[in-house]
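Just so you know, these numbers come straight off a predicted model, no measurement behind them. We name chains A, B, ... by the order of the sequence lines, and we start the count at 1 in each one.
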Amino acid sequence: MHIFRIKNSNKFYSKHYWFLRLSIQIHTQISSQLSRGFSLVKTNEKLKGYFESGHVDGARKLFDKMPKRDEFTYNSMVAGFANAGRFNEAKQVFDETPKRSSITWSALISGYCKYGYEDESFDLFWRMRYEGERPSQYTLGSLLRLCSVKGFLSRGEKLHGFIIKTGFGNNAFVVTGLVDMYVKCYRIKAAEKLFRTMDSGKNHVTWTAIINGYSLNGNSDKTLQCFCQMRSEGIEANQYTFPSVLTACGSASDLRFGEQVHGCVVRGGFHANIFVQSALVDMYAKCGDLNCAKEVLESMEVLQVVAWNSMIVGYMRHGLEENALSLLEKMHGIGLKMDEFTYPSVLNALALRKDAFYGECLHCFIIKTGFCDHILVSNALVDMYAKQGSSIGALEVFNEIKDKDVISWTSMITGCTHNGSHEEALNFFQRMRIAGIYPDQVSVSSTLSSCAELTLHELGKQVHGNYIKSGPETSLSVDNSLLAMYAKCGCLDDAITVFYSMTSRNVMSWTAIIVGHAQNGRGKEALPFYDEMVLTGIKPDFITFIGLLFACSHAGLVDEGRQYFGTMIDAYGIQPGPDHYASMIDLLARSGKLQEAESLVNEMVDKPGPAVWKALLTACRKHGNMDIAKRAAMTLIELDPQDAFPYVILSNMYSAAGRWEDAAGLRRLMKLRGVIKEPGCSWIEINSKVHTFFSEDRSHPNTNEIYLKVNDIIRLIKEAGYVPDVKFSLHDVNEETKELGLAYHGEKLAIAFGLLYLPENAPIRIFKNLRVCGDCHNAMKIISKVFHRYIVLRDSNCFHHFKEGQCSCGDYW
DNA sequence: TTAGGGTTAG
């Protein structure tokens with residue numbers, strides 16, 4: 001402006017012209033001096049130093065002043081700006097770059113990937129290809145990492161195709177990225193296949209990726225096996241490998257292995273890494289060695305919230321709530337900021353306690369500290385309230401969650417399953433599907449358990465089929481639930497197929513197959529599974545022995561049962577609980593050793609509960625021992641005067657013995673006390689509709705047809721040798737009326753309906769809420785022979801598989 | 001000058 005003002009004055013113009021010439025002269029001199037002392041290599045290094053130390057503006061100033069730039073300068077600027085998240089400047093330099101190379105493109109793409117900008121990353125990737133630039137292993141590595149972090153399976157699979165087509169399929173770096181992508185998208189089999197087919201070039205990163213995959217998939221055995229294999233191939237683990245391995249040790253409660261890994265950590269010099277230290281605390285805490293966990297925690301120089309969370313979980317899981325809460329207070333006191341995992345760690349353990357006091361206090365604290373909007377915390381609150389049986393508390397929190405995820409829904413489902421509200425669990429599962437949320441391993445496992453409890457075999461198959469179709473591979477927990485579902489629905493052969501198809505099994509898988517055999521009347525065949533399990537190195541637990549004793553009691557194997565009872569205590573140090581005693585007493589009593597059974601009841605250190613007395617009473621009924629029956633029934637009535645079971649059994653025993661007055665007395669007592677007996681009820685499912693029948697029930701729309709069929713059945717089976725056993729008719733009436741009463745038991749009405757409406761060769765599956773009566777059991781055997789039908793009857797105790805006049809229970813139930 | 005693997009909750 002000043003120049004223009006003086007432009008028309010010659011005097012001033014000449015003066016300014018002289019000044020301008022002088023300025024140019026000086027600038028040229030300086031520039032040439034700069035150029036003479038300027039080193040591009042050194043300045044590029046300085047530029048890099050600025051970015052490395054976070055001085056992005058320093059780099060910018062230096063870049064602006066640089067008299068000369070080369071491709072390194074531009075690439076460094078693009079990478080530096082992109083890595084700092086300053087994408088406008090990165091793009092500007094990218095556009096200004098005179099000659100862009102693969103590195104320039106990769107630098108910008110990797111920045112976008114790092115910050116999770118998927119659209120920008122992939123748009124740039126396609127543009128790069130369109131402009132003829134070949135992506136490098138760096139470009140592909142960055143994009144795979146983005147897919148891995150965000151769980152983009154479909155995009156990752158497309159990249160996989162591109163990688164094969166463009167000859168990167170043998171590039172160890174790129175294939176490692178693919179392995180990691182599949183792992184993070186929960187496609188462990190795809191990851192495993194890639195890993196196995198890598199001929200050479202597997203490095204410690206590839207091994208770490210697959211080890212982490214097994215660990216994430218919950219497969220502790222394979223994690224540890226893979227870790228051993230890696231070491232045997234001479235690859236050393238590092239700070240990235242150890243955390244996954246330690247997590248697997250914790251999940252498997254394998255303290256011995258965990259301690260050995262700790263040794264490797266120390267020898268390798270990785271004990272000061274906070275990830276490794278946190279994983280060590282977690283491993284010791286999960287394995288129950290709380291002293292060691294505490295020792296590692298206290299040795300940490302950096303206060304790491306993850307390690308503190310793990311310590312809290314450790315205390316909570318081992319019932320040391322006070323220690324956990326004081327640690328929480330200490331965190332608060334020293335100013336260590338809690339994170340979104342801290343509260344779930346505590347809430348998760350509180351979920352298993354019935355008293356709601358601590359949980360509610362913590363909920364208040366969560367609201368005060370503002371953590372209630374965090375989905376991890378809300379989900380844990382839902383889980384806690386639901387498992388504690390407070391469906392109102394759970395629903396209140398659940399309804400407040402804006403973006404419900406699969407865990408929010410799963411918490412409601414597992415809560416219902418935990419409390420035995422299986423129909424409600426299925427309802428939540430259905431609502432979750434309607435809401436467009438895909439079920440994961442946990443929700444499917446839990447839903448299959450509900451299907452098993454309700455014996456909804458068809459629905460269970462659908463849930464599993466849809467889960468497989470939706471993409472994820474099956475997991476150990478899903479397989480275990482599926483196996484248990486088939487066994488509990490009376491389809492033992494399908495359960496066996498699942499069992500043998502499993503690539504790895506844990507103690508739950510073996511226990512499920514043992515219990516499955518016992519429930520389906522094949523107790524003797526259950527026992528070799530135990531031997532095989534022990535041979536494979538898996539330790540039986542508390543529940544395995546319940547299954548084994550159950551198997552022995554259902555097969556009448558008294559000596560074997562006694563032996564297992566002893567092994568459990570002597571070899572495994574497991575103290576028997578009420579269920580073990582109940583099975584043992586059931587075993588002894590059912591085989592007629594009633595006195596020995598009663599002695600065992602009296603030997604129990606803890607006061608025997610209802611399950612034990614019920615087992616004794618049921619066996620007394622079978623063997624007609626009125627003395628012990630009376631003692632057992634009276635004890636049961638004392639324990640719970642509202643439970644109809646002892647009144648009904650004892651009253652039935654009186655009736656069977658013709659002691660009608662005593663039976664009537666008990667019935668009067670029930671009435672007086674307002675005790676309600678659950679009526680016997682049988683049902684059959686045909687074309688997804690359940691048809692229910694009570695004894696002498698005439699409410700079904702096809703009742704006339706059903707009764708005619710029953711009469712027909714009775715006539716035919718009588719010709720084949722059936723004799724009605726009137727001692728199961730519990731009314732004081734004449735023999736003919738007794739026979740008719742037996743003929744119209746719910747089971748017989750249901751079988752008549754099944755014979756009428758099911759296809760000729762289809763198995764007939766009948767369910768009953770109480771134990772099947774002796775007369776119906778006998779009738780079913782003969783029906784199976786006369787009509788050549790396979791009949792499965794599930795009563796409240798076990799499955800009876802009737803075929804050609806025989807029952808799988810061997811008439812011992 | 002561009003890139004890869006890890007811990008805690010359901």
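Distances from the side chain of A/Gln137 to the nucleotides B/dA3, B/dA9, B/dG4 place B/dA3 closest. Minimum atom distance to the side chain of A/Thr247 is reached by B/dT7, of the listed B/dT7, B/dT2, B/dA3. The side chain of A/Val306 lies closest to B/dT7, out of B/dT7, B/dG4, B/dT1. The listed nucleotides are B/dG4, B/dG6, B/dT8; the one nearest the side chain of A/Phe275 is B/dG6. Across B/dT7, B/dG4, B/dG6, the shortest atom-to-atom separation from the side chain of A/Gln304 is found for B/dT7. The side chain of A/Leu376 sits closest to B/dA9 out of B/dT2, B/dG6, B/dA9. Distances from the side chain of A/Ser244 to the nucleotides B/dA3, B/dT8, B/dT7 place B/dT7 closest. You'll find that the side chain of A/Asn75 is closest to B/dT1, out of B/dT7, B/dA3, B/dT1. Candidate nucleotides B/dA9, B/dG6, B/dT2 were compared by shortest atom distance to the side chain of A/Ile103, and B/dT2 ranks first. Taking every side-chain heavy atom of A/Pro243 into account, B/dT7 is the closest of B/dA3, B/dG4, B/dT7.
For A/Tyr240 and B/dG6, the ring-to-base geometry does not satisfy the stacking test (centroid distance below 5.5 Å, interplanar angle below 30°).
Taking side-chain N and O atoms only, A/Asn212 has a distance below 4.0 Å to OP1 or OP2 of B/dT7. Here A/Ser110 reaches the OP1 or OP2 of B/dA3: one of its side-chain N or O atoms lies under 4.0 Å away. Put simply, A/Lys286 has a side-chain N or O that comes within less than 4.0 Å of OP1 or OP2 on B/dA9.
Judged by distance alone, the side chains of A/Asp70 and A/Asn44 do bring a donor and an acceptor atom under 3.5 Å apart. A/Ser215 and A/Asn212 are not linked by any side-chain donor-acceptor pair at a separation below 3.5 angstrom, with hydrogens and angles left out of the test. If you check the side chains of A/Asp405 and A/Ser408, you find a donor sitting under 3.5 Å from an acceptor. Inspection of the A/Tyr385 and A/His363 side chains reveals an N or O donor paired with an N or O acceptor under 3.5 Å. Using modelled atom types and a 3.5 Å distance limit, the side chains of A/Glu192 and A/Tyr182 yield no donor-acceptor pair.
Contacts of A/Ser411 with the nucleic acid, taken as non-hydrogen atoms under 4.0 Å apart, are absent. As judged by a 4.0 angstrom heavy-atom cut-off over every strand, A/Ala209 is placed among residues making no nucleic acid contact. Residue contacts for A/Asp383: at a heavy-atom cut-off of 4.0 Å it reaches the sugar-phosphate backbone alone, with no base atom in range. Contacts of A/Asn44 with the nucleic acid, taken as non-hydrogen atoms under 4.0 Å apart, are absent. Within the nucleic acid shown, A/Lys114 has no heavy atom closer than 4.0 Å to any nucleic acid atom.
When the C1' atom of B/dT8 is taken as reference, atom CG of A/Leu303 falls 16 Å away, rounded to whole Å. Distance, A/Arg134 CZ to B/dT2 C1': 15 Å, rounded to whole Å. Atom CH2 of A/Trp105 and atom C1' of B/dT1 are 17 Å apart (whole Å). Here B/dA3 presents its P atom at 15 Å from CG of A/Asn171, a figure rounded to the nearest Å. The nearest whole Å value for the distance from the CZ atom in A/Phe270 to the P atom in B/dG6 is 16 Å. Look at CE on A/Met283: it is 20 Å from P on B/dG6, rounded to the nearest Å. The NE2 atom of A/His374 sits 15 Å away from the P atom of B/dA9 (whole-angstrom rounding). Protein atom CG of A/Asp405 is 16 Å distant from nucleotide atom P of B/dA9, rounded to whole Å.
One finds no salt bridge joining A/Glu133 and A/Arg100 here, because no Lys/Arg side-chain nitrogen approaches an Asp/Glu carboxylate oxygen to under 4.0 Å.
More than 12 heavy atoms of other shown residues, nucleotides or ligands fall within 6.0 angstrom of atom CE in A/Met230.
Between the side chain of A/Asn238 and the base of B/dG6 there is no donor-acceptor pair of N/O atoms closer than 3.5 Å. Residue A/Ser278 places a side-chain atom within donor-acceptor reach of the base of B/dT7, judged by atom type and a 3.5 Å distance cut-off alone.
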